[in-house]
Novice: 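Let me begin by handing over the structure; questions about it come next.
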Protein chains: 2
Amino acid sequence: MRYIKTSRMTKKTTIYDIAKKLNITAATVSRALNKNPKISDATKELVLKTATEMNYEQNKLAQALKNGKSYNVGVIVSRIDSNFFASIIRGIEEELFNHGYHVIICQTNNNEKMEAENINTLLNAQVDGILMSISNINIDKNIMFKKLLNKKIPLLFFDRKKSIPGISSITIDDFSAGYKATQHLIDEGCKRISHLSVDRNFEIFRDRFLGYKQALSDNNIPFDESLVIETKSNIEAGKEATKKLLKLQNPPDAIFSSSDFSALGAIQELKSQGIKIPQEVCVVGFSNEPFTKFMELSISSIDQSPVEMGKTTARVFIQQIKNKEKHVEQKVVLEPKLIIRKSSSKQNPSK
Amino acid sequence: MRYIKTSRMTKKTTIYDIAKKLNITAATVSRALNKNPKISDATKELVLKTATEMNYEQNKLAQALKNGKSYNVGVIVSRIDSNFFASIIRGIEEELFNHGYHVIICQTNNNEKMEAENINTLLNAQVDGILMSISNINIDKNIMFKKLLNKKIPLLFFDRKKSIPGISSITIDDFSAGYKATQHLIDEGCKRISHLSVDRNFEIFRDRFLGYKQALSDNNIPFDESLVIETKSNIEAGKEATKKLLKLQNPPDAIFSSSDFSALGAIQELKSQGIKIPQEVCVVGFSNEPFTKFMELSISSIDQSPVEMGKTTARVFIQQIKNKEKHVEQKVVLEPKLIIRKSSSKQNPSK
DNA sequence: TATATAATTGTAATCGATTGCACAGTGTGT
DNA sequence: ACACACTGTGCAATCGATTACAATTATATA
């Protein structure tokens, strides 16, 4: 039998093809390609040369099946078209690429069913690990999730944590972030600082709130329940919340929002009511979304270094893969950065 | 032999396990699970029941190896943390998920070597298709790319096209976009319309420019070479270009930029020189980045419906997969939408 | 020269699922 | 009663690579 090789040849060359050509075994070829020390340098060289000649490419699927390693990692986020998540994924991808891993993206749209389904299909696809930002506070009661815990593949939480024993997480110190933002507002001379929160069943939002509260307390400012509004993370919600705040008999002179979007809504509402920012009311957002910097009235915000968070997540994953059996629980907490911009710079309005 | 099943059991159940338990062959199990009509309903039911009982999950890797279908699709973009690409990927992922495909993300950072490397590793990973936004105008001369063309897997270009025979693309009509933007500016009463372009070796930027030119011509406005500046897509570049324009003895009364970022730079520069927007100079950007809407002086822009573009790309891919042998070349061209905002609304400044 | 030892390579099973072909059992037609 | 068709399963090869173990050859040692 004779193979005619043309550029239109679609069949991939396998180690068997190489073996046949060199009159050796596929086993030897495999070993040579893997630089197994038991193979003589002569054959190694020969095999390598022939492999490139024949345009050999390793079939990762076959390899994965045999080794139980797919070199694919699943990443689950609520949505990828959010600058924060996209940046995290960027970090993850860049770091993992260097280790030969590929990133499979899944979106939940904050839907618990989707979350479970994604976990399931990722497991079927035999990913070597799952990195996720949970969108479900009751995830530990989820069946798919339990299944996941029984697997020996690493599971990591980034961004959103939830204290589940044995699970590593990479997050920022939300308490510290809330504290820093609030302290900054106090330093600017604000006395009645309100807080736009988001669902505090999530630890991140609860922690931001607690940091806010602690800063008030440390500065002997009484905590006023009426200044805290739990809202959604979007412009409209920010407007609504701000309307409420402005109706108080004693309205706030500062707003610390757990979301840049509601912060923007707040600013729009304040402006529409003719209230000067930052002179009358200072505003600080959260996440350092690109637009906060671009605005003419740039918005102070908390930077979460998402790319770095992604890279760190990837690194922890790699570590866990390496110490196979010992999945030591790691809780990495990154320090958030307060970015001070015009919306909260009374003292130096040129900023 | 006796298997004790515990929740800590890590080994996955295979069709062989099911077969053993039911005293039938793995072949039968496989057929039953695949609803092969040659299997009696009785055994089908039995197998299915036992499968769920035993927590069976299909190993996609094994399946992929056998069928030559991994149900993974590679997506290559320059960077994922750009709203435009992230939105496209969102669309792709959502659409493909419904067909059982997973999306593997790769970033090139506009680096030609990375582009080639990504193609290579994706092929090794046996993806069923590659969807990409090319970052390399000479891609058709690239070795990896040639290799890719010889495979039978579908290759699709989105966003950026390059006329390569046999390759389908999903793009927007950049000519029309350039035309619309320019016509709009003319309708607003602008007479000297400048254009901030980007590297016109790329078809998208060339087409936008050509659309611009055509609109001028159709309105009997002379084309003035000095009003066209080729620049980069960032704020600083936009400022620099605008400085140059303002130094002309006869400066423009409108700027149509091929990028929202340089449009923003232009606006910043105009403002810093005390020039009123839109009264003295109108500005239109490109891409409808989120910030264009959020600015107080909101920026008119061209919306490329990236999510829709992603979905369309995914749909074309699915089509091509289905008509296996006939990869009919498809050139899908989506119509861009002009979003008119304050930066170019002389007539109705309330907008 | 005979033999222990090290260096290479081959054999064959394995990962988990799919599928062409063979075969047994039942049913139908003449 | 016999040939033929049809159903439902089993057998075994296959996808491509890896690897424990066996076998062979080459080298070193006595």
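Chain letters run A, B, ... following the sequence lines, proteins first, then strands; residues in each count from 1. Given the structure is predicted, the values throughout are model-derived calculations rather than measurements.
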Novice: Quick check on C:dT18: is either OP1 or OP2 less than 4.0 Å from any side-chain nitrogen or oxygen of B:S30?
Specialist: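 It does, given that an N or O in the side chain of B:S30 lies less than 4.0 Å from OP1 or OP2 of C:dT18.
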Novice: For A:K21, does the NZ atom sit with more than 12 other heavy atoms under 6.0 Å from it, leaving out its own atoms?
Specialist: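 It does not: A:K21 NZ has 12 such atoms or fewer within range.
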Novice: Estimate the overall bend of the helix from C:dT1-D:dA30 to C:dT30-D:dA1 from the end axes over five pairs each, rounded to 10 degrees.
Specialist: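 The value is 60°.
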Novice: Looking at B:R79 and A:E93, does any basic side-chain N land under 4.0 Å from a carboxylate oxygen?
Specialist: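 Salt bridge between B:R79 and A:E93, a charged N being under 4.0 Å from a carboxylate O: no.
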Novice: So does B:T14 get a side-chain nitrogen or oxygen closer than 4.0 Å to the phosphate oxygens (OP1/OP2) of C:dC15?
Specialist: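 So the side chain of B:T14 is outside the cut-off, no N or O lying under 4.0 Å from OP1 or OP2 of C:dC15.
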Novice: In whole Å, what is the span from the CG atom of B:N59 to the P atom of D:dG16?
Specialist: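 Between P of D:dG16 and CG of B:N59: 17 Å.
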Novice: Between B:N124 and A:Q58, is the side chain to side chain donor-acceptor pair (under 3.5 Å) condition met? List the steps.
Specialist: CA-CA 6 Å; B:N124 288 174; A:Q58 202 178 39; over 6 Å; no
Novice: For B:K66 and for B:K38, locate the closest nucleotide of DNA chain D by heavy-atom distance; then report the residue assigned to the nucleotide nearer the 5' terminus.
Specialist: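 Result of the comparison: B:K38.
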Novice: Does C:dT18 have its OP1 or OP2 closer than 4.0 Å to a side-chain nitrogen or oxygen of B:Q58?
Specialist: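 So the side chain of B:Q58 is within the cut-off, an N or O lying under 4.0 Å from OP1 or OP2 of C:dT18.
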Novice: From the set D:dT18, D:dT14, D:dA12, return the single nucleotide nearest to any side-chain atom of B:A27.
Specialist: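 Side chain of B:A27 sits closest to D:dA12.
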Novice: Side-chain N or O of B:S40 versus OP1/OP2 of D:dT7: is the shortest distance under 4.0 Å?
Specialist: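 It does not, given that no N or O in the side chain of B:S40 lies less than 4.0 Å from OP1 or OP2 of D:dT7.
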Novice: Is A:Q63 close enough to D:dT18 that one of its side-chain N or O atoms is under 4.0 Å from OP1 or OP2 there?
Specialist: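 Looking at the OP1 and OP2 atoms of D:dT18, one of them is under 4.0 Å from a side-chain N or O of A:Q63.
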Novice: Looking only at side-chain atoms of A:L65, point me to the closest of C:dT18, D:dC21, C:dC15.
Specialist: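 Of the options given, the side chain of A:L65 lies nearest C:dC15.
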Novice: Is it the case that over 12 heavy atoms from other parts of the model lie below 6.0 angstrom from the CD atom of B:E45?
Specialist: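 Atom CD in B:E45 is not packed in, count stays at 12 or less.
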Novice: Could you tabulate the donor-acceptor pairs under 3.5 Å formed by side-chain atoms of residues 23-31 of chain B, not counting sequence neighbours?
Specialist:
none

Novice: What is the distance, rounded to the nearest whole Å, between atom OH of B:Y71 and atom C1' of C:dT18?
Specialist: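 Distance check: B:Y71 OH to C:dT18 C1' gives 14 Å.
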Novice: Of the candidate nucleotides D:dT9, C:dC15, D:dA17, which contains the atom at the shortest distance from the side chain of B:T43?
Specialist: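 For B:T43, the side-chain atoms sit closest to D:dT9.
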Novice: Can you see if the side chain of B:T28 gets near the phosphate of D:dG10 - specifically, an N or O under 4.0 Å from OP1 or OP2?
Specialist: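 Answer yes for this pair, as a side-chain N or O of B:T28 is under 4.0 Å from OP1 or OP2.
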Novice: My understanding is that only residues two or more places apart in sequence, or in another chain, count here; which of them pass salt bridge (Lys or Arg N to Asp or Glu O under 4.0 Å) with A:K113?
Specialist: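 A:K113 satisfies salt bridge (Lys or Arg N to Asp or Glu O under 4.0 Å) with no other residue.
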Novice: Tell me whether the side-chain N/O atoms of A:Y56 come closer than 4.0 Å to OP1 or OP2 in D:dA17.
Specialist: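 For A:Y56, the contact criterion (side-chain N or O under 4.0 Å from OP1 or OP2 of D:dA17) is met.
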Novice: Let me spell it out: for each of B:A42 and A:I15, pick the nucleotide of DNA chain D with the closest heavy atom. Which residue's pick is nearer the 5' end?
Specialist: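 Taking each residue's closest nucleotide, the earlier one in sequence belongs to B:A42.
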Novice: Starting from C1' on D:dT14, measure out to CG on A:L61 and report it in whole angstrom.
Specialist: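 The answer, rounded to whole Å, is 15 Å.
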Novice: Are side-chain N/O atoms of A:S70 and A:Q126 paired as donor and acceptor at under 3.5 Å?
Specialist: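 No, no side-chain donor-acceptor contact under 3.5 Å.
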Novice: Round to a whole Å and report the spacing from CG of B:D41 to C1' of D:dT7.
Specialist: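 Going from B:D41 (CG) to D:dT7 (C1'), I get 12 Å.
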Novice: Give a yes/no on whether any side-chain N or O of A:N67 is located under 4.0 angstrom from OP1 or OP2 of D:dA17.
Specialist: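 Checking D:dA17 against A:N67, no side-chain N or O comes under 4.0 Å of OP1 or OP2.
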